[in-house]
Amino acid sequence: FNGLSLTNPQNVIVLADLMNNKTSSMQQWNVQVQQEVLHNTVLSVAYVGAAGHHLLDYWNQNNQLFNAPAGARLYPNLGTVTVEGAVGNSIYNGLQAELNRRLAQGLQFTASYTFSRTIDDGGGAFGNAEPQDFMNLALERGLADQDVRNRFILSAVYELPFGKGRHYGRNISRAVDTIAGGWQLNGIWTIQSGLPFSVGTPAGSPGGRADLVGPVHINPGSTTDYINA
């Protein structure tokens with residue numbers, strides 16, 4: 001490094017790991033009940049939970065200090081100081097319901113619905129925002145980037161009742177059955193809630209965030225007035 005003084009480095013970028021980082025861990029738990037509600041049809045209802053601890057978070061330890069005079073930083077002579085700290089936590093709670101019909105009379109289907117909430121206090125390596133105040137990372141606790149509140153999936157298979165041995169055309173020839181018989185319809189339908197996002201501006205360091213001062217009205221589909229500011 002030309003002109004770099006190790007005793008007094010200037011404007012260098014530093015990557016750092018916390019000395020007390022622990023291995024990330026995950027716990028999962030669930031309880032489920034099942035009941036046959038109709039012939040060949042089973043209803044399942046489950047509570048599913050998961051928690052993550054010591055998750056990796058990243059932040060710039062040399063950002064502007066919160067609520068301090070402009071330019072106040074911990075290391076004025078350094079550039080960005082990216083810290084990798086195993087300090088993150090996450091929690092997931094979900095109610096999962098499923099109605100499953102085994103194949104009967106040519107029809108089978110699975111309908112499943114999940115109502116859940118995912119909360120964490122950091123986005124990890126792929127997070128979309130710097131912490132508001134790296135001296136108080138607890139302020140970052142909120143909905144996770146991947147939180148999907150509602151999700152419904154319906155998948156079905158229906159064997160068309162036409163062909164050799166079927167309700168219609170049971171006595172057709174093998175040649176005709178090869179072309180016209182044995183067909184089925186398959187479908188998968190998925191509908192879910194949207195992902196959460198934060199309202200902010202890239203101005204400043206680490207970036208400004210909006211304060212809620214009144215009721216929020218949204219206009220889905222509008223690119224100019226999505227949120228009534």
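Below, each value reflects all heavy atoms present in this structure, side chains not excepted, and no hydrogens, waters or symmetry copies.
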(message) A side-chain contact here means heavy atoms from C-beta on lying under 4.5 Å apart; do Leu43 and Leu38 qualify?
(response) no

(message) Can a side-chain donor-acceptor contact be found between Ser44 and Gln34 if the only test is distance below 3.5 angstrom?
(response) yes

(request) Mind checking the CD1-CZ spacing from Ile227 to Phe197? Nearest 0.5 Å is all I need. (result) 4.5 Å

(message) Could you go through Asp147 and Arg149, starting from their C-alpha distance and side-chain angles, then the distance that decides it, and tell me whether this counts as side-chain contact (heavy atoms from CB on, under 4.5 Å)?
(response) CA-CA 6 Å; Asp147 176 73; Arg149 187 63 50 86; 3.8 Å; yes

(request) Report yes or no: do Asn150 and Tyr113 form a side-chain donor-acceptor pair below 3.5 Å? (result) yes

(request) Over 60° means perpendicular and under 30° means parallel, so classify the ring planes of Trp189 and Phe152, tilted if in between. (result) perpendicular

(request) Give, for atom CG of Leu74 and atom CG of Leu65, the distance between the pair rounded to the nearest 0.5 Å. (result) 5.0 Å

(request) Report yes if some heavy atom in the side chain of Phe134 is under 4.5 Å from a heavy atom in the side chain of Val81; otherwise report no. (result) no

(request) Only counting residues at least two apart or in another chain, list the ones meeting ring pair (Phe, Tyr, Trp, His ring centres under 6.0 Å) with Tyr158. (result) none

(message) If you define the side chain from C-beta out and look only at heavy atoms, does anything of Thr80 sit under 4.5 Å from Asn62?
(response) no

(request) Look up atom CD in Gln10 and atom OG in Ser5, then write down how far apart they are to the nearest 0.5 Å. (result) 8.0 Å

(message) To the nearest 0.5 Å, what is the distance between OG1 on Thr114 and CZ on Arg151?
(response) 8.0 Å

(request) Give a yes or no on whether the backbone of Leu137 and the side-chain of Asp121 come within a donor-acceptor separation of less than 3.5 Å. (result) no

(request) State, with a plain yes or no, whether a side-chain heavy atom of Ile91 is found less than 4.5 Å away from one of Asn89. (result) no

(message) Can you confirm whether the side chains of Asn30 and Gln32 place a donor and an acceptor under 3.5 Å from each other?
(response) no

(request) Answer yes or no: is there a side-chain heavy-atom contact under 4.5 Å between Leu99 and Val37? (result) yes

(message) For Ser90 and Asp120, which I'm curious about, is there any donor-acceptor pair between the side chains at under 3.5 Å?
(response) no

(request) Taking the side chain as every heavy atom from C-beta outward, state whether Thr110 and Glu98 have any atom pair closer than 4.5 Å. (result) yes

(message) Within the structure provided, determine whether Gln61 and Val14 are in side-chain contact (heavy-atom separation under 4.5 Å).
(response) no

(message) Counting C-beta onward and ignoring hydrogens, is there a side-chain heavy-atom pair between Arg102 and Gln108 closer than 4.5 Å?
(response) no

(message) Can a donor-acceptor pair be found, under 3.5 Å and without considering hydrogens, that links the side chain of Asn219 to the backbone of Asp225?
(response) yes

(message) Would Lys22 and His53 count as a side-chain contact (heavy atoms from CB on, under 4.5 Å) here? Give the steps.
(response) CA-CA 9 Å; Lys22 297 181 179 179; His53 303 288; over 6 Å; no

(message) Closer than 3.5 angstrom, by distance alone: can the side chain of Gln132 be matched with the main-chain N or O of Asn136 as a donor-acceptor pair?
(response) no

